[in-house]
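Residues take their numbers from the sequence shown, with the count starting at 1. Note that the structure is predicted; figures quoted are calculated from it, not measured.
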Amino acid sequence: MKKTMSKTTKSNFITYGMVLAVYLIVQVMIMTGNLSSLLQGLLVPLCIYVILAVSLNLTVGILGELSLGHAGFMCVGAFSGAFFSKCTNGVLPDGLRFLLALLIGALVAAVFGILIGIPVLRLYGDYLAIVTLAFGEIIKNVINVLFVGRDSNGFHFSTKDTMSLNLAEGGEAIVKGPQGISGTPKDATFTIGVILILLTLVIVLNMINSRTGRAIMAIRDNRIAAESVGIDITKYKLLAFSVSAALAGMAGVLYAHNLSTLTALPKNFGYNMSITILVFVVLGGIGSIRGSIIAAVILTLLPELLRGLNDYRMLIYAIVLIVMMILNWNPKAKAILIKYSPKALFGKKNAAKEDK
């Protein structure tokens with residue numbers, strides 16, 4: 001038992017070390033001027049995608065449920081966090097305001113995760129995927145018709161237009177329907193993004209390796225057997241789903257504070273965004289947290305790195321996707337990688353030296 005725990009802890013620290021090593025390398029490249037402004041602009045979105053991929057892997061890989069509403073939870077967190085920041089900008093210190101915005105975004109997304117999860121998690125497979133997809137689309141469309149303003153009399157709500165808010169003199173419209181929220185403080189930085197990635201990893205990895213994680217994986221492997229030994233199916237499924245939603249909401253807050261104007265467009269929070277996050281999870285290996293991080297980084301940077309090869313860029317991108325799928329899902333390919341991995345090769349050399 002001690003040996004297993006030691007391996008698990010070592011694996012977790014390797015994952016944390018990978019993130020910190022990449023962070024230090026990027027910081028050195030920025031200070032020495034070896035990182036282009038285009039790639040610097042991708043650093044915060046990169047952190048957002050990593051958080052989303054790791055959090056979705058908790059639902060898809062660890063719980064074993066297919067969810068296509070992750071962009072919806074991201075949207076809820078983004079708008080609730082941006083709304084709070086817009087209302088308290090200049091009232092609270094910047095650091096405290098952003099921290100509270102992160103907590104509020106995560107909490108609101110978790111509440112939505114619980115409200116959606118109670119009826120939805122009774123479904124399985126394709127049915128669950130369709131309902132969660134519908135949730136994401138509904139949230140996006142509701143925000144697009146919602147107008148919220150504030151004046152000396154308090155908050156005003158409408159689903160028509162800004163004029164129907166009937167704001168008093170000095171009042172302002174905060175949420176402007178399809179125009180979204182503008183003027184959100186740009187607090188998101190690469191350093192904050194890396195800190196949130198590490199926080200996400202600590203939460204997810206510790207949850208997976210705990211008694212709760214083992215119960216969740218038992219439900220994934222065999223629901224009937226898990227229920228027969230006294231595991232509360234609803235409780236653990238709802239816990240995993242709500243934690244995943246909360247982390248997506250936190251990523252949404254980071255996303256909102258990286259833009260001057262936040263809008264609920266299909267490209268931001270629509271079906272394609274949910275599918276993109278799912279692609280990171282699938283290609284990185286379902287259930288593999290480290291794989292999700294690597295897939296999110298590679299698939300986010302690759303289109304930009306290949307921009308110079310404009311004619312062949314999408315072809316190379318497609319080839320990389322296919323190769324990653326083969327390596328992740330083909331048992332023979334996995335066996336070859338394990339056989340010729342540095343660990344295996346060095347292990348053989350050390351064994352040969354001991355024999356001599």
Side-chain angles (χ1 to χ4, degrees), residues 47-48 51-52 54-56 58-59 67-89 91-92 95-121 131-150 154-157 159 174-177 180-185 187-188 192-193 196 199-200 203-204 207 237-259 261-265 268-270 273-274 277:
C47 294
I48 295 165
I51 295 169
L52 290 169
V54 171
S55 60
L56 182 61
L58 182 60
T59 299
S67 172
L68 294 179
H70 218 54
F73 296 121
M74 179 189 174
C75 182
V76 167
F79 274 87
S80 56
F83 184 83
F84 174 80
S85 285
K86 188 72 186 289
C87 292
T88 57
N89 190 22
V91 178
L92 297 173
L96 178 61
R97 174 182 46 70
F98 184 56
L99 177 61
L100 290 175
L102 286 169
L103 293 174
I104 288 170
L107 182 62
V108 172
V111 169
F112 272 86
I114 293 169
L115 293 176
I116 298 299
I118 290 171
V120 162
L121 290 176
V131 175
T132 52
L133 173 62
F135 159 72
E137 293 300 308
I138 289 168
I139 286 293
K140 176 172 62 67
N141 290 323
V142 166
I143 290 174
N144 277 328
V145 298
L146 184 64
F147 295 83
V148 182
R150 181 182 62 169
F155 291 99
H156 302 264
F157 302 87
T159 55
I174 300 174
V175 182
K176 305 172 186 175
I181 300 176
S182 57
T184 307
D187 295 322
I192 292 173
L196 294 180
L199 177 62
T200 302
I203 293 170
V204 172
M207 187 175 181
K237 286 179 76 172
L238 200 57
L239 178 62
F241 197 69
S242 58
V243 170
S244 176
L247 295 173
M250 185 176 71
V253 176
L254 188 64
Y255 178 83
H257 288 75
N258 192 45
L259 302 170
T261 302
L262 177 67
T263 54
L265 296 174
N268 298 340
F269 304 111
M273 174 61 83
S274 291
I277 303 165

Table please: side-chain donor-acceptor pairs of residues 74-85 below 3.5 Å, with sequence neighbours left out.
unit_1, atom_1, unit_2, atom_2, d
Ser80, OG, Val76, O, 2.8
Ser80, OG, Gly77, O, 3.1
Ser85, OG, Gly81, O, 3.4
Ser85, OG, His257, NE2, 2.6

Show every donor-acceptor pair shorter than 3.5 Å between a side-chain atom in residues 108-118 and any protein atom, with sequence neighbours excluded, or say none if there are none.
none

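Ring planes of Phe73 and Phe135: tilted class, angle from 30 to 60°.
The two residues Asp187 and Ile192 come nearest to each other via the heavy atoms O-CD1, 3.4 Å. The shortest non-hydrogen separation linking Ala240 to Leu58 is O-CD2, 3.7 Å. Nearest heavy-atom pair across Ile174 and Cys87 is CD1-SG, 3.5 Å. Scanning both residues, Ala71 and Met273, for their nearest heavy atoms gives CB-CG, 3.8 Å. Taking each heavy atom of Leu247 and Ser55 in turn, the nearest pair found is CB-CB, 3.6 Å. When all heavy atoms of Ala248 and His70 are compared, the closest pair comes out as CB-NE2, 3.5 Å.
From Leu52, atom CG reaches atom OG1 of Thr200 across 9.0 Å, with rounding to the nearest 0.5 Å. Atom CG of Leu259 sits about 11.5 Å away from atom CD1 of Ile181, to the nearest 0.5 Å. If you take CD1 on Ile51 and CG on Leu56, they are separated by 13.5 Å, rounding to the nearest 0.5 Å. To the nearest 0.5 angstrom, Ile139 atom CD1 is 11.5 Å from Phe269 atom CZ. Taking CD1 from Ile203 and OG from Ser244, the interatomic distance works out to 11.5 Å, rounded to the nearest 0.5 Å. In this structure, Leu68 CG and Ile277 CD1 are separated by 10.0 Å, a value rounded to the nearest 0.5 Å.
Taking 4.5 Å as the limit, some side-chain heavy atom of Asn89 sits within range of a side-chain heavy atom of Arg97. A 4.5 Å side-chain heavy-atom check between Leu102 and Leu196 finds at least one atom pair inside the cut-off. Side-chain contact between Tyr255 and Leu262: present, with at least one pair of heavy atoms (C-beta onward) separated by less than 4.5 Å.
In this structure, Asn258 contributes its side chain and Leu254 its backbone to no donor-acceptor pair below 3.5 Å. In this structure, the side chain of Lys140 does not engage the main chain of Gly72 through any donor-acceptor pair within 3.5 Å. Checking side-chain atoms of Thr59 against main-chain N and O of Phe241 turns up no donor-acceptor pair under 3.5 Å.
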Exercise for the section: For the pair Leu96 and Leu100, evaluate side chain to side chain contact (heavy atoms under 4.5 Å, CB included) and give the outcome as yes or no after the intermediate values. Expected result: CA-CA 6 Å; Leu96 178 61; Leu100 290 175; 4.1 Å; yes
